[in-house]
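Only one structure is covered here, and it is reproduced in the block below.
Keep in mind that what you see is a predicted model, and the values were worked out from it rather than measured.
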Amino acid sequence: MAERAYTNFTFLLLVLTLSFIPANCEFELFPDVEVTLANDGNHPIYFMCKYTDKDNSLYELPENTTYRFNFPQVAFPMRWCYLYINPKSHGFFWAYTVRSRCTKCFWSINRYPHLYRSDRARWERQELFQPLNFNISDYFKVD
């Protein structure tokens with residue numbers, strides 16, 4: 001019985017705390033994260049991003065175009081994308097992790113993916129990695 005009273009008190013305390021946040025406040029309990037992939041290279045690249053409308057197969061991202069997706073930041077979300085830039089440069093990268101410290105994550109892709117770190121006002125190159133047992137031919141036929 002004491003546990004139930006404690007749970008009810010905790011819930012009531014949470015509701016009261018949230019009710020005192022002004023309506024025009026910038027605080028959001030579960031803010032949306034926006035991830036943008038920009039092809040800044042001089043040829044098409046291919047990508048797939050898990051938990052978006054572009055997963056399970058590769059999609060073309062023509063030069064000078066972007067792909068954008070959003071998701072709510074609940075707990076510690078992680079989103080990855082796979083890039084096929086050319087036969088020597090392809091693999092996975094973390095499109096979003098809590099460590100990214102961004103709610104509008106902008107990726108510039110040419111020979112490698114680069115994340116713009118607004119907290120440091122600079123671009124940071126990210127390494128592509130290959131998980132074991134991953135076979136690109138399952139998703140895309142390379143000539």
Side-chain angles (χ1 to χ4, degrees), residues 3-4 6-143:
E3 287 180 23
R4 184 178 178 136
Y6 178 75
T7 304
N8 289 341
F9 176 74
T10 303
F11 178 72
L12 179 61
L13 185 60
L14 177 64
V15 169
L16 286 173
T17 302
L18 294 176
S19 67
F20 285 106
I21 296 173
N24 61 353
C25 181
E26 294 293 320
F27 172 78
E28 290 184 54
L29 188 57
F30 301 115
D32 267 358
V33 173
E34 179 181 279
V35 176
T36 302
L37 306 179
N39 182 353
D40 293 328
N42 57 6
H43 57 82
I45 61 173
Y46 296 87
F47 74 99
M48 72 176 155
C49 296
K50 197 64 174 167
Y51 305 116
T52 70
D53 63 335
K54 303 288 188 199
D55 66 358
N56 298 325
S57 62
L58 291 174
Y59 294 85
E60 182 178 319
L61 185 61
E63 60 189 80
N64 300 315
T65 60
T66 61
Y67 170 69
R68 182 173 292 131
F69 62 94
N70 300 306
F71 58 92
Q73 182 179 336
V74 178
F76 302 103
M78 297 174 73
R79 298 292 188 265
W80 58 259
C81 292
Y82 177 84
L83 292 177
Y84 183 89
I85 300 169
N86 61 50
K88 293 182 181 181
S89 183
H90 58 90
F92 290 86
F93 71 100
W94 292 108
Y96 177 81
T97 65
V98 174
R99 187 182 142 272
S100 303
R101 296 188 187 120
C102 56
T103 53
K104 292 193 180 294
C105 307
F106 192 85
W107 290 90
S108 172
I109 303 160
N110 43 47
R111 292 184 356 197
Y112 301 97
H114 292 81
L115 172 64
Y116 184 73
R117 295 289 304 261
S118 59
D119 60 328
R120 297 179 181 170
R122 69 176 186 208
W123 291 95
E124 290 185 358
R125 177 178 160 185
Q126 304 296 310
E127 295 294 326
L128 298 172
F129 62 91
Q130 291 288 338
L132 295 175
N133 301 323
F134 179 78
N135 187 350
I136 186 66
S137 63
D138 293 341
Y139 300 94
F140 180 68
K141 182 175 173 134
V142 180
D143 295 327

Distance (rounded to the nearest 0.5 Å) between [X] [atom1] and [Y] [atom2]:
X: Phe106; Y: Tyr116; atom1: CZ; atom2: OH; result: 11.0 Å
X: Lys54; Y: Leu37; atom1: NZ; atom2: CG; result: 11.5 Å
X: Asn110; Y: His43; atom1: CG; atom2: NE2; result: 8.5 Å
X: Tyr96; Y: Leu115; atom1: OH; atom2: CG; result: 11.0 Å
X: Arg68; Y: Thr36; atom1: CZ; atom2: OG1; result: 4.0 Å
X: Cys81; Y: Leu128; atom1: SG; atom2: CG; result: 11.0 Å

Closest non-hydrogen atom pair, [X] against [Y]:
X: Phe93; Y: Glu127; answer: CB-O, 4.2 Å
X: His90; Y: Ile85; answer: CB-N, 4.3 Å
X: Thr66; Y: Leu61; answer: C-CD1, 3.7 Å
X: Gln130; Y: Gly91; answer: NE2-CA, 3.3 Å
X: Val33; Y: Cys105; answer: CG1-SG, 4.2 Å

Notebook entry, point to check: How are the rings of Tyr82 and Phe134 set to each other: parallel, tilted or perpendicular (split at 30° and 60°)?
Noted result: tilted
With a sphere of 6.0 Å drawn around [atom1] of [X], does it hold more than 12 non-hydrogen atoms of other residues, nucleotides or ligands?
X: Asn133; atom1: CG; value: no
X: Phe129; atom1: CZ; value: yes
X: Lys104; atom1: NZ; value: no

Notebook entry, point to check: What do the steps show when you test Val35 against Phe71 for side chain to side chain contact (heavy atoms under 4.5 Å, CB included), and what is the final call?
Noted result: CA-CA 9 Å; Val35 176; Phe71 58 92; 4.0 Å; yes
Item checked: Asn56 vs Lys50 side-chain heavy atoms within contact, under 4.5 Å -> yes
Note to self: Do Gln126 and Trp107 make a side-chain contact, defined as non-hydrogen atoms from C-beta onward lying under 4.5 Å apart?
What the structure shows: yes
Margin query: Under the criterion ring-ring contact (aromatic ring centres under 6.0 Å, His included), I'd like the reasoning laid out for Tyr67 against Tyr59: C-alpha separation, chi angles, the key distance, then a yes or no.
Written below: CA-CA 10 Å; Tyr67 170 69; Tyr59 294 85; 8.1 Å; no
